[in-house]
Amino acid sequence: MTSTMRIELTAMDVVMVRLFDSIDESNMGWIVAADRELREAFGGALIDLVPSYTTLMLHYDALNMEHGEALARIRRVLERLEPASTELGRCHDVPVWYDLSVGPELVRIAERAGLAVDEVIERHCGRDYQVFALGFAPGYGFMGLVEEALATPRLPTPRRRVAAGSVGIADRQTAIYPLLSPGGWNILGRTTFPLFEHARRGDPLLKPGDRVRFQPISREEFIRQGGDTTPLELAP
């Protein structure tokens, strides 16, 4: 166990396993390995295990395992932990219709970066993004890292309604809204990628360790795939 790895108690039966103090794409191999090893170590005593950018939140069954034993199992895992290969994660090509009508912050991001809107789109599509964690809504994957030039703070006032499939940026993160919901991310476009449909079946499309590459498509192709072209501000 390295000096950056530590165990933090958050509740009687919940432990935060902290592997790192800062977000980095190289963290993911360690997070994936810890997720796998901890699930095996706790077996039926595990209630939930939630990996994130730098931590794993572990909820165990306190009726069937004493606290000391839970900590001992975690320490044993961390002492022998080696990073997993992130090449084992799935690669997802996600089609996106980038347009001001469904991506009104394209202009905001372009102005901050000193780029043309087309350059913002090209750069957003120009790299693979690591899926770091799931949360906020079923199937919602927090991905990164967006290049520094495109990093843009959240909106000062969140929208009440962000359409399902909206693709956004917040600082150096990017994500897809699985369903209609409030949100304060900078929206660039929209996809038909069916995140929510899979998540409600208990098999989310995106999982920590996966990679995503966004692919620009035309309005016609977006419609052909069943996309909703309602402008963002007017979305029901």
Side-chain angles (χ1 to χ4, degrees), residues 1-92 94 127-147 151 170-176 178 195 198-213:
M1 183 168 65
T2 69
S3 59
T4 59
M5 297 183 184
R6 57 188 184 272
I7 302 168
E8 302 170 358
L9 307 181
T10 59
M12 182 184 73
D13 54 357
V14 179
V15 177
M16 189 70 75
V17 181
R18 186 171 299 278
L19 301 189
F20 302 97
D21 293 320
S22 59
I23 297 172
D24 193 280
E25 289 168 289
S26 64
N27 295 357
M28 209 59 226
W30 294 92
I31 297 290
V32 169
D35 181 84
R36 181 186 62 215
E37 296 295 330
L38 287 168
R39 288 181 188 278
E40 182 176 337
F42 277 77
L46 183 68
I47 294 176
D48 198 10
L49 182 60
V50 182
S52 187
Y53 294 94
T54 59
T55 63
L56 299 99
M57 186 181 72
L58 189 151
H59 182 192
Y60 64 94
D61 185 354
L63 296 178
N64 291 307
M65 181 178 291
E66 293 184 355
H67 183 66
E69 175 60 21
L71 295 183
R73 293 192 188 195
I74 294 170
R75 290 192 182 100
R76 285 196 294 270
V77 166
L78 296 183
E79 285 168 359
R80 65 171 187 266
L81 192 65
E82 296 291 339
S85 172
T86 56
E87 296 300 317
L88 299 178
R90 292 180 61 189
C91 298
H92 305 270
V94 177
R127 61 170 59 191
D128 291 348
Y129 298 101
Q130 188 85 60
V131 180
F132 286 103
L134 302 182
F136 173 65
Y140 192 104
F142 291 90
M143 296 175 274
L145 294 169
V146 172
E147 66 170 284
D171 298 311
R172 295 197 66 194
Q173 302 173 98
T174 189
I176 305 165
L195 291 178
H198 282 255
R200 68 180 176 181
R201 295 200 297 263
D203 183 29
L205 272 175
L206 302 181
K207 297 179 175 65
D210 285 359
R211 297 182 303 282
V212 168
R213 179 174 286 262

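Here the structure is a predicted model, which means the values were calculated and not measured.
- For the pair Arg76 and Glu69, the salt-bridge criterion is met [side-chain N within less than 4.0 Å of a carboxylate O].
- Heavy-atom minimum distance, Pro208 versus Ala133: CG-CA, 4.3 Å.
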(request) Report the C-alpha separation of Leu19 and Thr55 in whole Å, then their side-chain angles, then the decisive distance to 0.1 Å, and conclude whether the side chain to side chain contact (heavy atoms under 4.5 Å, CB included) test is met. (result) CA-CA 6 Å; Leu19 301 189; Thr55 63; over 6 Å; no
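- Residue Ala84 comes nearest to Arg36 through the heavy atom pair CB-NH1, 3.9 Å, listed as atom of the first residue, atom of the second, then distance.
- Interatomic distance, Arg211 CZ to His92 NE2, rounded to the nearest 0.5 Å: 9.0 Å.
- Under a 3.5 Å cut-off, the side chain of Glu8 and the backbone N or O of Val17 do not form any donor-acceptor pair.
- Taken from CD1 in Ile7 to CG in Leu56, the straight-line distance is 11.5 Å, to the nearest 0.5 Å.
- Between His67 and Tyr60, the closest heavy-atom pair is ND1-OH, 2.8 Å.
- When side chains are defined from C-beta on, Val212 does not count as touching Thr174, because their heavy atoms never get closer than 4.5 Å.
- With contacts defined as side-chain heavy-atom distances shorter than 4.5 Å, the pair Arg6/Asp21 qualifies.
- Just one of Trp30, Phe20, Phe132 meets the side chain to side chain contact (heavy atoms under 4.5 Å, CB included) condition when paired with Thr54; it is Phe20.
- Summarising the geometry of Leu145 relative to Glu25, their closest heavy-atom pair is N-OE2, 3.7 Å, with the distance given to 0.1 Å.
- The local environment of CD in Glu147 is crowded, with over 12 non-hydrogen atoms from other residues, nucleotides or ligands closer than 6.0 Å.
- Counting only distance, with no hydrogens or angles, the side chain of Asn27 and the backbone of Ser22 share a donor-acceptor pair below 3.5 Å.
- Note: His59 NE2 to Thr10 OG1 = 9.0 Å, rounded to the nearest 0.5 Å.
- Although no hydrogens or angles enter the test, the distance criterion places a donor-acceptor pair under 3.5 Å between the side chain of Arg172 and the main chain of Val146.
- A distance of 6.5 Å separates CD1 of Ile74 from CG of Leu38, quoted to the nearest 0.5 Å.
- In this structure, Glu82 and Ala33 approach most closely via the heavy-atom pair O-CB, 3.1 Å.
- To the nearest 0.5 Å, atom CG of residue Leu46 and atom CG of residue Asp61 are 10.0 Å apart.
- Smallest separation of non-hydrogen atoms from Val94 and Ile176: CG1-CD1, 3.9 Å.
- Rounded to the nearest 0.5 angstrom, Leu71 CG and Met65 CE are separated by 10.5 Å.
- Within the 4.5 Å cutoff, no side-chain heavy atoms of Glu40 are placed close to those of Val77.
- A donor-acceptor pair under 3.5 Å is absent between the side-chain atoms of Asp171 and the main chain of Gln173, judged by distance alone.
- Of the options Arg80, Arg75, Arg73, a salt bridge (charged side-chain N to carboxylate O under 4.0 Å, His left out) to Glu37 is made by Arg80 and by none of the others.
- Taking 4.5 Å as the limit, every side-chain heavy atom of Val14 sits out of range of all side-chain heavy atoms of Ile47.
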